[in-house]
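Computation of the quantities below employed the complete heavy-atom set of this structure, encompassing side-chain atoms and omitting hydrogens, waters and symmetry-equivalent molecules.
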Amino acid sequence: MLLFLRATVWLVPITAFMTGMSLSVWWGRIDSVSQLSSTAEAALASAVSVAEVTTALEAETSNRQDIRENWSSKRDRPQSINPATTMQHCANVPVIATRSEQALHQLISQVTQSDLLWDVLVNTVGVVVDTHLTTQKFPEIHARSRLARVPVLMYHDILPEKQVFFDVTPEELEQHLQQIQQHGLTPISLDQLVSHLSTGAPLPAKPVLLSFDDGYAGHYTYVLPLLRKYGYPAVFGIYTAKVGKSMGRSSLTWAQLHEMAQDPLVTIASHSVTHKVLPGLPDETLRYEIVESKRILEEKLGIPIDHFVYPEGQYDDRTRAWVRAAGYHSALTMRREGDKFASESEDLLTIERLGQSRLDLAIAQSYGGPPAATWGTAFDFTAPIQKQRLDLEGTRLVLVSGGRPITIHADSRYQVPEIIANTNAVAAVDGGFFSLRSLSSNVMIGPVLSQNTGKFDPSNRSENPRLNGRPLVLISPDAVRFVPFDATRHQTLEGIQQELPQVTDAFVAAAWLVKDGEARSPASFGTLYGFDVPRHRAFWGINQAGQPVIGISQTRIDSVALGELLQRAGFRDAIMLDSGASTSLAYQGQSLVEGYEPRPVPHVVALLPPGEAANFNCIPTAVAANRNAAEAPE
């Protein structure tokens with residue numbers, strides 16, 4: 001029973017995570033089951049400045065009962081209207097149950113009747129706890145989210161005949177949705193995006209958010225049916241003075257908007273009352289446009305309005321202060337020049353968007369960010385293989401993740417694409433260090449075992465003690481281990497089998513860049529030659545989701561700085577491979593290096609498609625002969 005009670009406590013953030021809400025938003029929903037007091041109503045009604053609004057909300061908060069007591073008294077009828085942090089002052093709003101609270105009750109019921117409680121706790125709660133323990137202070141964006149590239153596409157009117165250049169026809173919109181589907185993008189809700197930005201929680205591999213501004217009739221007539229057809233969520237920015245009125249263009253009616261608001265695919269955001277450009281307006285007008293629009297929408301629709309859309313995307317510090325004081329969880333903007341993804345936003349109150357004409361950019365660059373940390377050292381060799389390009393602090397990294405890792409020890413030295421050309425490997429990076437005494441040498445420095453040869457080669461036993469302490473890479477069909485090399489124990493096959501009984505591949509690498517989720521200090525590299533010199537680097541390791549990742553830096557960088565970037569990129573462990581002139585990465589038969597031809601190598605770490613056995617074919621002898629002849633000195 002004690003275990004269950006402890007588990008149930010964590011089900012709150014689990015449900016928040018599953019429904020795309022931050023933990024603070026979740027507790028806000030729980031605390032919102034009662035209306036604002038009459039005192040707060042009066043204070044908010046007369047407030048004409050941000051400071052007065054904040055004071056009124058703080059006074060109201062101090063009068064509230066403890067959140068858990070409040071929830072306990074209403075747990076049998078989960079009702080929610082207004083988050084306590086929002087500027088809500090409507091007295092007779094219908095009380096409704098939020099989808100999040102319903103999900104909580106359903107999840108509790110499932111867990112209490114399941115024999116898999118422990119698996120739920122270990123495999124799910126750990127991820128949630130990690131993300132919420134590192135949640136940023138509102139409205140800051142989490143550092144891990146800065147690694148993602150989430151496009152927020154902005155649409156306006158959808159109608160059969162265009163009237164201005166940014167109008168879109170229903171046929172064109174469906175073509176956009178089909179492109180999104182064909183290229184593997186996953187539309188997400190605004191709540192999911194805000195949760196991701198505030199906690200660093202990972203999103204689907206290629207996310208996109210669809211947004212529609214101004215409340216045109218076509219949003220009901222054309223957009224809603226298409227969203228339902230494809231199962232895609234979207235957010236609609238509504239300015240209330242336009243609803244049900246003819247203002248030069250078509251408008252939604254309150255009945256249509258109410259129907260849309262009840263659909264789980266739809267998020268309604270405030271777009272002000274009259275769509276005035278907000279910067280420069282007096283406080284009483286800002287209060288009307290930002291606060292009153294929220295109140296009207298919540299009163300008419302009976303749902304919380306948690307998000308704001310700046311008219312014409314324009315804002316200043318005073319506008320942001322009012323949006324924050326009103327209790328919005330985010331605000332969307334836009335810019336007339338330049339393209340920015342949500343992760344490049346200043347904060348949650350200035351989330352950037354792309355015009356709908358930039359769908360091509362969204363498809364090409366969408367990236368959901370590195371995986372969240374998991375408990376333990378589990379491995380996942382079933383994920384699809386995918387390539388990502390990251391630009392972190394001016395350093396360009398290319399990563400290929402997923403699949404199952406193996407090594408290939410060739411019979412001579414070749415370019416990496418040549419080594420995997422006649423195999424079923426999708427990608428490979430240059431591997432361990434090798435002897436340079438001969439142009440065609442495949443002699444490795446340190447012990448080596450590869451699946452393609454099936455032979456353990458101890459290399460030079462007399463020199464191996466010089467490698468003590470460096471990472472010994474051990475790979476089996478379902479696990480990877482990185483252990484400090486010890487020449488007294490690891491110079492035989494039996495010795496490395498003591499470390500990993502089912503080992504199929506082994507070699508000694510240069511150094512740890514990231515170990516147990518922490519970037520390595522300069523002292524940890526000891527006397528390793530050139531570790532502090534900027535150069536092209538090759539690496540591989542395991543990310544926080546237990547998936548193998550291989551990669552290179554396309555920018556010269558030292559080992560310490562690279563480790564810090566790979567930690568941010570979500571590596572659990574990262575190992576430096578042969579680098580400098582040997583740095584090479586191949587993906588789907590193509591080299592991904594830029595600006596130089598890498599030195600041929602005899603050894604690679606490769607990624608096989610999930611579930612496929614290794615299929616090796618030797619590189620033709622003619623290739624080796626031609627390579628050696630080309631490199632022979634005159």
Side-chain angles (χ1 to χ4, degrees), residues 13 16-17 20-25 126-152 188 190-207 209 320 324 329-333 340-352 365-375 388-399 401 512-521 539 541-547 549 551 553 555 557-574:
F17 177 79
M21 296 194 308
S22 69
L23 191 58
S24 59
V25 174
V127 176
V128 177
V129 171
D130 171 75
T131 56
H132 287 294
L133 286 179
T134 58
T135 298
Q136 295 298 105
K137 181 180 178 181
F138 182 81
E140 296 175 7
I141 291 178
H142 197 285
R144 193 158 53 215
S145 301
R146 296 288 186 188
L147 302 175
R149 296 180 69 81
V150 185
V152 182
I188 61 173
L190 183 50
D191 278 341
Q192 284 178 283
L193 176 62
V194 171
S195 178
H196 160 75
L197 293 176
S198 60
T199 69
L203 291 170
K206 300 185 68 175
L209 173 60
R320 287 177 71 259
R324 180 172 183 171
H329 302 154
S330 76
L332 303 178
T333 183
K340 283 198 173 186
F341 291 80
S343 55
E344 300 174 286
S345 307
E346 180 182 349
D347 56 30
L348 293 175
L349 297 179
T350 55
I351 296 177
E352 300 281 355
Q365 297 193 23
S366 174
Y367 171 51
T374 57
W375 285 0
Q388 293 126 20
R389 294 180 183 269
L390 300 179
D391 193 334
L392 302 176
E393 299 181 4
T395 298
R396 295 190 308 276
L397 302 178
V398 184
L399 310 179
S401 63
W512 273 275
L513 297 167
V514 178
K515 189 174 184 180
D516 298 328
E518 297 291 334
R520 303 295 280 164
S521 68
F539 52 87
I542 302 295
N543 66 22
Q544 296 286 7
Q547 301 163 356
V549 186
S553 67
T555 308
I557 187 173
D558 68 80
S559 304
V560 176
L562 177 59
E564 292 170 350
L565 295 184
L566 296 182
Q567 176 187 345
R568 287 178 51 193
F571 275 76
R572 189 167 78 200
D573 291 285

Any residue meeting side-chain hydrogen bond (donor to acceptor under 3.5 Å, both in side chains) with D573, in chain and number order, not counting sequence neighbours:
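Checked D573 against side-chain hydrogen bond (donor to acceptor under 3.5 Å, both in side chains); zero matches.
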Excluding sequence neighbours, so at least two apart, what forms side-chain hydrogen bond (donor to acceptor under 3.5 Å, both in side chains) with E344?
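With neighbours one apart ignored, the set is empty.
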Heavy atoms only: give me the nearest [X]-[Y] pair and the separation to one decimal.
| X | Y | result |
| --- | --- | --- |
| R396 | T555 | N-OG1, 3.1 Å |
| R324 | P139 | NH1-CD, 3.5 Å |
| E352 | F341 | CB-O, 3.9 Å |
| A148 | S343 | O-OG, 2.5 Å |
| V514 | Q567 | CG2-N, 3.8 Å |

Measure the spacing between [atom1] of [X] and [atom2] of [Y] and express it to the nearest 0.5 Å.
| X | Y | atom1 | atom2 | answer |
| --- | --- | --- | --- | --- |
| L193 | I188 | CG | CD1 | 5.0 Å |
| L392 | R146 | CG | CZ | 12.5 Å |
| K515 | S521 | NZ | OG | 11.0 Å |
| R389 | L399 | CZ | CG | 10.5 Å |
| R149 | L203 | CZ | CG | 14.5 Å |
| F571 | Q547 | CZ | CD | 11.0 Å |

Before you tell me yes or no, could you show the steps for L190 and L332 under side-chain contact (heavy atoms from CB on, under 4.5 Å), namely the whole-Å CA-CA distance, both residues' side-chain angles and the distance that decides it to 0.1 Å?
CA-CA 10 Å; L190 183 50; L332 303 178; 4.2 Å; yes
Heavy-atom donor-acceptor pair, [X] side chain to [Y] backbone, under 3.5 Å:
| X | Y | answer |
| --- | --- | --- |
| R520 | S559 | no |
| S366 | P207 | yes |
| H196 | P202 | no |
| T350 | S345 | no |

4.5 Å side-chain heavy-atom contact, S401 and Q388
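In short, these two side chains touch, coming nearer than 4.5 Å.
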Side chains of S198 and H329, heavy atoms from C-beta outward: is any pair under 4.5 Å?
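Heavy-atom side-chain distance check fails, nothing below 4.5 Å.
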Under the criterion side-chain contact (heavy atoms from CB on, under 4.5 Å), which of T333, L197, I141 is the partner of I351?
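With I351 as partner, T333, L197, I141 yield a single side-chain contact (heavy atoms from CB on, under 4.5 Å), made by L197.
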Please evaluate residues T395 and L562 with respect to the criterion side-chain contact (heavy atoms from CB on, under 4.5 Å), reporting the C-alpha separation (whole Å), side-chain torsions for both, the decisive distance (0.1 Å), and the verdict.
CA-CA 9 Å; T395 298; L562 177 59; 5.6 Å; no
Give the C-alpha distance, both sets of side-chain angles, the deciding distance and a yes or no for side-chain contact (heavy atoms from CB on, under 4.5 Å) between R144 and Q544.
CA-CA 12 Å; R144 193 158 53 215; Q544 296 286 7; over 6 Å; no
Verdict with reasoning, V549 to F539, per side-chain contact (heavy atoms from CB on, under 4.5 Å):
CA-CA 8 Å; V549 186; F539 52 87; 5.5 Å; no
